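To keep things clear, I will list the structure first and then write my remarks on it.
These figures come from a predicted structure and were not determined experimentally.
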Amino acid sequence: MRLVQETPYRFRLDRTGPMRVPGVVFASATLLLEDEALRQVANVATLPGIVRASYGMPDLHWGYGFPIGGVAATDVEQGGVVSPGGVGFDISCGVRLLASDTRRDGLPLHRLMDLLGDTVPRGAATGALWTLSGRPELEAILRDGARHAVGQGRGVPRDLERCEDFGALPGADPAQVGARAMERGLGQVGSLGSGNHFLELQTVEQVYDEAVAAAFGLRAGQVCVMIHCGSRGLGHQICTDHVRAMDKAMAGYGIDVPDRQLACAPVESPEGRAYLGAMAAAANYGRANRQALGQAARDAFSSIAGARLDLVYDVSHNLAKIEEHDGRLLCVHRKGATLALPPGHPGLPGDLRLVGQPVLIPGTMGTASYVLAGVAGGEAFHSTCHGAGRTQSRHQAARAISGKELRARLESRGIAVRGLGWRGLAEEAPSAYKDVDAVVAASEGAGLCRRVARLVPIGVVKG
DNA sequence: ATGTCC
């Protein structure tokens with residue numbers, strides 16, 4: 001793949017063969033760009049109705065069909081398609097950040113971590129914080145997301161002002177969620193899952209913009225809770241089901257894609273509408289999940305430390321949304337790419353209108369996480385990076401370091417670790433990821449966002 | 001990411 005560097009942080013992938021638009025990758029010269037991921041950027045550029053470019057964020061890496069760190073928008077009124085591969089298996093995977101009213105000094109960290117370690121459900125399919133009253137309540141969650149959770153006392157009304165789409169993505173259609181997905185979803189509301197998902201205690205190590213940080217409720221030295229998780233088995237099953245349906249239907253629409261994993265259908269088709277309805281339901285499930293987990297963190301902080309947690313924001317980095325850009329209705333796929341609304345955007349609550357959307361970037365266990373803000377003038381439909389981005393496979397990572405050694409290293413740096421298995425811990429070693437500081441610097445350099453605060457971990461709860 | 005293969 002031939003990349004042409006146009007500016008320090010922007011690379012162009014010229015149109016060749018069936019590409020309808022060029023590729024554009026935001027990165028810096030030192031960030032590794034896998035050839036397979038660039039091939040996927042080019043493949044996405046062939047999708048019917050794609051507009052402007054197939055974009056890659058600085059944390060770009062290989063994924064299912066679409067690259068992770070990919071953004072692609074299609075024109076709904078020009079036969080534009082929606083593709084489940086452009087969202088990913090973990091629909092609505094995202095991050096929630098809560099800020100406490102306390103500093104690390106005097107915080108009973110280990111007692112707090114013991115309680116969180118004992119009470120936060122994580123790992124494969126075992127337990128959840130919220131026992132639903134039945135299928136109707138699951139349907140309420142699919143329709144209303146975090147709003148339903150708050151309505152049931154799992155949070156306060158102000159939380160919804162600090163959630164993407166004010167807590168619920170419109171258009172959710174529980175009827176498009178298959179029986180198996182419903183079954184899997186019933187017992188997992190309020191659970192982290194595994195892999196790179198976590199609940200971390202972090203401290204604000206550096207503030208880059210005092211005024212914006214203050215508007216977000218952040219200040220140096222403050223203890224925060226970051227939660228990174230998604231829609232668990234429900235979202236996974238929805239993706240599986242709808243990829244299959246689109247794979248079958250695609251030929252009937254005359255759609256030909258270079259990779260079967262790019263299965264798609266026009267937004268304005270029965271398959272397209274069905275997927276978007278189910279995807280929105282999974283999005284709301286993910287939000288209710290993070291709302292429930294955030295409430296558990298509040299309970300722990302309150303009982304152990306007498307401390308309060310206020311929601312900074314909750315935002316997804318795996319979603320497709322119907323949005324208006326330059327007068328056109330677009331289906332914007334963000335897969336491993338975070339929504340970053342600029343100042344003045346109507347999607348923001350009044351008190352964030354002047355500063356832009358809080359953008360939450362989870363790092364790895366041993367490294368920093370970031371709070372960024374959306375900016376005006378970004379090129380990729382109000383999107384930016386989503387995290388460090390893997391450089392090693394899970395297998396490679398586990399071969400390079402043992403979980404025991406990793407835990408010992410983290411503990412020696414004052415990071416309390418509450419894991420589940422050694423193998424899972426090793427697979428998530430920071431050495432298996434890109435340098436999140438470089439990813440964020442490139443994202444800012446490319447004009448996609450700006451830095452507000454850098455957070456460092458002091459306690460990690462992992463699946 | 002995922003009851004890591006129905």
Side-chain angles (χ1 to χ4, degrees), chain A residues 37 40 59-70 83-96 121-128 138 177-199 227-245 247-248 261 263 275 278-279 281-283 285-287 289-290 293 315-320 333-338 362 364-365 386-399 419-429 432-433 461-463:
Chain A
Q40 292 186 318
D59 46 341
L60 189 79
H61 60 115
W62 180 88
Y64 176 90
F66 284 59
I68 296 162
S83 173
V87 172
F89 275 88
D90 195 4
I91 298 167
S92 184
C93 184
V95 180
R96 168 171 294 235
R122 57 196 190 277
T126 44
L138 178 55
V177 179
R180 201 171 195 178
M182 293 292 281
E183 249 170 62
R184 291 177 73 171
L186 267 169
Q188 297 187 323
V189 187
S191 66
L192 277 180
S194 55
N196 62 357
H197 291 169
F198 62 69
L199 183 151
I227 295 166
H228 178 203
C229 65
S231 55
R232 308 286 282 105
L234 178 128
H236 190 274
Q237 191 66 49
I238 286 171
C239 182
T240 303
D241 294 345
H242 288 260
V243 163
R244 192 168 302 156
D247 188 52
K248 281 185 193 162
Q261 296 184 347
Y275 172 68
M279 184 213 70
Y285 185 94
R287 288 154 188 205
N289 189 24
R290 291 191 290 272
L293 287 161
V315 66
S316 172
H317 47 239
N318 279 6
L319 219 49
H333 301 74
R334 297 184 183 86
K335 178 189 193 175
T338 316
T364 69
M365 272 180 286
H386 89 300
R390 286 198 89 92
T391 55
Q392 288 181 352
S393 69
R394 298 187 174 282
H395 187 74
Q396 284 174 316
R399 211 167 38 188
L420 209 59
W422 296 119
R423 167 92 196 183
L425 210 58
E427 287 178 351
E428 290 302 320
Y433 284 85
V461 180
K462 293 267 324 163

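For the pair Tyr64(A) OH and dT2(B) C1', the interatomic distance rounds to 13 Å; values are reported in whole Å. In this structure, the NE2 atom of His236(A) is 11 Å from the C1' atom of dC5(B), given to the nearest Å. Between Arg423(A) atom CZ and dT4(B) atom P the separation is 15 Å, expressed in whole Å. In this structure, CD of Glu183(A) is placed 14 Å from P of dC6(B), rounded to the nearest angstrom. The separation between Phe89(A) atom CZ and dT4(B) atom C1' is 11 Å, rounded to whole Å. Atom P of nucleotide dT2(B) and atom CG of Leu234(A) are separated by 12 Å, given to the nearest angstrom. Rounded to whole Å, atom P of dT2(B) lies 12 Å from atom CG of Leu420(A). Spacing between atom CG of Leu192(A) and atom P of dT2(B) amounts to 10 Å, rounded to whole angstrom units.
Two residues are said to be in side-chain contact when any heavy atoms from C-beta on lie closer than 4.5 Å; Ile227(A) and Val95(A) fail this criterion.
Using a 4.0 Å heavy-atom cutoff across all strands shown, Gly195(A) reaches sugar-phosphate atoms only and no base atom. As judged by a 4.0 angstrom heavy-atom cut-off over every strand, Gly233(A) is placed among residues touching the sugar-phosphate backbone only. Arg394(A) comes within 4.0 angstrom of sugar-phosphate atoms only, judged by non-hydrogen atoms across all strands, and of no base. Across all strands shown, Gly193(A) has heavy atoms under 4.0 Å from sugar-phosphate atoms exclusively, and none from any base.
Under a cut-off of 6.0 angstrom, the local environment of CZ in Arg423(A) is crowded, with over 12 non-hydrogen atoms contributed by other residues, nucleotides or ligands.
Dashed line: the shortest gap from a side-chain N or O of Thr240(A) to OP1 or OP2 of dT2(B) is not under 4.0 Å.
Electrostatic pairing of Glu428(A) and Arg390(A) counts as a salt bridge here, judged by a charged N lying under 4.0 Å from a carboxylate O.
Shown are Arg334(A), His228(A), Lys335(A); of these, the side chain to side chain contact (heavy atoms under 4.5 Å, CB included) with His317(A) is made only by His228(A).
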